Amino acid sequence: MCGIVGYIGDKKAVPVLLHGLSKLEYRGYDSAGVAVLHNDNINIVKTKGRLKALEEILENKSLEGSLGIGHTRWATHGAPSDINSHPHLSQGSSVAVVHNGIIENYLYLKEELEEKGYKFVSETDTETVAHLIDFYLKLGMEFLDAVIKAVDKIEGSYALGVICDSYPDMLIGIRKDSPLVVGLSEGENFIASDMPAILNYTKDIYLLEEREIAVVKKDGVTVYDRNKNVVKKEIFKVNWDVEAAEKGGFDHFMLKEIYEQPKVVKDTFSGRLKEDGIVLDHIDLNMENVNKIYMSACGTASYAAGIGKSVIESICRIPVFTDIASEFRYNNPIIDEKTLVIVVSQSGETADTLAALRLAKEKGAKTLAVVNVVGSSIAREADYVLYTVAGPEIAVASTKAFSAQIAAMYLLGLFFGLKLNKISMEEYRGYASELKELPQKMNTVLQKAGKLKELSDKYLNVKNVFYIGRGLDYLISLEGSLKLKEIAYIHSEPYPAGELKHGPIALIEESTLIVGHLTRKELFEKTISNLKECKARGAKVFAITTEDNGLIGSTADDVFYIPKTSYLFSSILSNIPQQLFAYYMASGLGNDVDKPRNLAKSVTVE
Ligand code: M6R
């Protein structure tokens, strides 16, 4: 996904911009560029490809100047190419713009501007903004007024960084539906779409709200609302540093993040899982007024929501519906004031999840967001927030954030259960003591990572994989299958074990691998029968099951045992072997594990 960084101060802008962009690489991108103002001229260098390609060009073409903007682009309008890369210049090169988001009415604006004589050089929606601002400047407007006027014409989402050759002391940042923050420091200031881009320089941040506009100068920042009233902003102090986001001795961020999971789960429980009940600060929901729950999210977060549904329904016996956010927003869901809508998101910026949240609010539902990134849009807009305490997740493939989301689901299940009097204090204490043991059990699983490495060597050439299970074991199969697809690029399908014989079994052949999840004792025999059906057709079987499964025997070619826990909480353990399996497959195949092809960390467009 696109990333923005902007700088004004006494330093040379290019190294600051390149450093900032390097901290945004994890978001996924296909091209990068910088624009720097020097001697009343804007100079641009941009290129398709990795940041390294941009750095190589800049080594031979030094850009002077202490005011600049930089961008990593993830293509939406127009293919990845040098010309479509940001920054974009206005005709005559007086204005340079970097943009995250999508300008929905850009074709209309483009036509209007072409009629006025503007010539477009790229296929992007962003170029319209540069020309529009230029148009208003030529009408005699001040820079700030021209930017405000231009964004008034825009429909869609944007975070923008803008510089103008006649205003060498100023950088403008503005946002709507796409995040943008301002970094504050002594004699220099910054803008960025994501905090890691500027944390090397400052921990003091202004979080821009919808349609706020920041005029960023070397010695100060003024923030205005859409009507040009000055907004008094509070400084948000960031309490984690860039070091936290470094690889710390692991080959990849993903592996490091997999190993961080016991701590992340412990941290997510910390201060909440108390002797006399679950304490969730600021969540004073009256559950008596809730007659159903909807859960919505995208990708991995939606699988956490699925597990949440199962756990909450089991404990609370209240109906819980789940819908993928991109579907939910157009499905006219039946929700009202008596519905609680829970959205789940690591980034807190996923466009569809944000839209689902907004729809739920419009319909009068109470909303609760389970979010990792503090201060993100979803966290700010939901009625209640339960933060997962996963810290920054750098690898595109979500691992530790997912475990933290599952942990949050367990907390919510018990929290609602107690509020609704569906569990006694004694039952609660039983569940709570099981939860407290999970981090240690997760460590036990991680200690056997070597076995997964061996299995990945054995199955490295596999082309088709099915992940199967029943109930929660099926729900966790969804995540196993996604992980293998997204980083190992191997075709795989998750299936409810009992459903295979209704069609997909036709695909099973000698070279197929079946990953079977078995953590529910009462259903061991059923799922084992399904595994046998696959084996009889030549498939190889790899079972992930609990230590008490004495039945698996020779049905499986390979078995990975996880420690025994209540079936309700088993997913958080059985997920780890499949994460490691996907990781070792991907690294064994030589893939770019942390930045898999075609994927972005944070999907802020629809
Ligand atoms: O930031 P979010 O949790 O809202 O992101 C949702 C999905 O885009 C994300 O989980 C995606 O599926 C990851 N690539 C999974 O590894």
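Computed from a predicted model, the values in this text were never measured in an experiment. Order of listing sets the numbers, starting from 1, for every ligand and every atom in it.
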Practice item. Output the list of atoms in ligand 1 that are nearer than 4.0 Å to some heavy atom of Ala397, sorted by atom number. Key: 16 (O)
Exercise for review: Considering the heavy atoms of Ala301, write down every atom of ligand 1 situated less than 4.0 Å from one of them.
Suggested key: 3 (O), 10 (O)
Check your understanding: Any chance the rings of Tyr467 and Tyr495 have centres within less than 6.0 Å?
Key -> no
**Study point:** Lys483: numbered ligand 1 atoms lying under 4.0 Å from its heavy atoms
**Key:** 15 (C), 16 (O)
Review point. Considering the options Gln346, Glu260, Gln261, Gln405, which one meets the side chain to side chain donor-acceptor pair (under 3.5 Å) requirement together with Lys400?
Key: Glu260
Point to revise | Ionic contact status for Arg50 with Asp592, cut-off 4.0 Å | key: yes
Revision key, fill the gap. A student checking ligand 1 against Gln346 at a 4.0 Å heavy-atom cut-off should list atoms 1 (O), 2 (P), 3 (O), 4 (O)
Review point. To which of Glu349, Lys485, Glu486 does the heavy atom nearest atom 13 (C) of ligand 1 belong?
Key: Glu486
Point to revise | Residues Lys256 and Asp251 bridged, charged N to O under 4.0 Å | key: no
Exercise for review: Would you mind reporting whether Ile4 and Ile69 have side-chain heavy atoms less than 4.5 Å apart?
Suggested key: no
Point to revise | Candidate with minimal heavy-atom separation from atom 5 (O) of ligand 1, of Asp352, Thr350, Thr300 | key: Thr350
**Study point:** Whether Tyr201 and His19 hold their rings parallel, tilted or perpendicular, with breakpoints at 30° and 60°
**Key:** perpendicular
**Study point:** Qualifying ring pair (Phe, Tyr, Trp, His ring centres under 6.0 Å) pairs with a residue from residues 567-606, counting only residues at least two apart or across chains
**Key:** His252-Tyr583, Tyr410-Phe569, Tyr431-Phe569, Phe542-Phe581
**Study point:** Residue-ligand contact Leu599/ligand 1, heavy atom below 4.0 Å
**Key:** no
Exercise for review: Could you name the option among Ser347, Ala304, Ser398 that has the heavy atom nearest to atom 1 (O) of ligand 1?
Suggested key: Ser347
Review point. Going by heavy atoms, is Ser602 under 4.0 Å from ligand 1?
Key: no
Review point. In the protein, what heavy atom is nearest to atom 8 (O) of ligand 1, and what distance, to one decimal place, separates them?
Key: Val603 CG2, 4.2 Å
Review point. Under a 4.0 Å N-O cut-off, is there an ion pair linking Glu209 with Arg175?
Key: no
Practice item. Could you check atom 7 (C) of ligand 1 against the protein and tell me its nearest heavy-atom contact, residue, atom and distance included? Key: Cys298 O, 3.6 Å
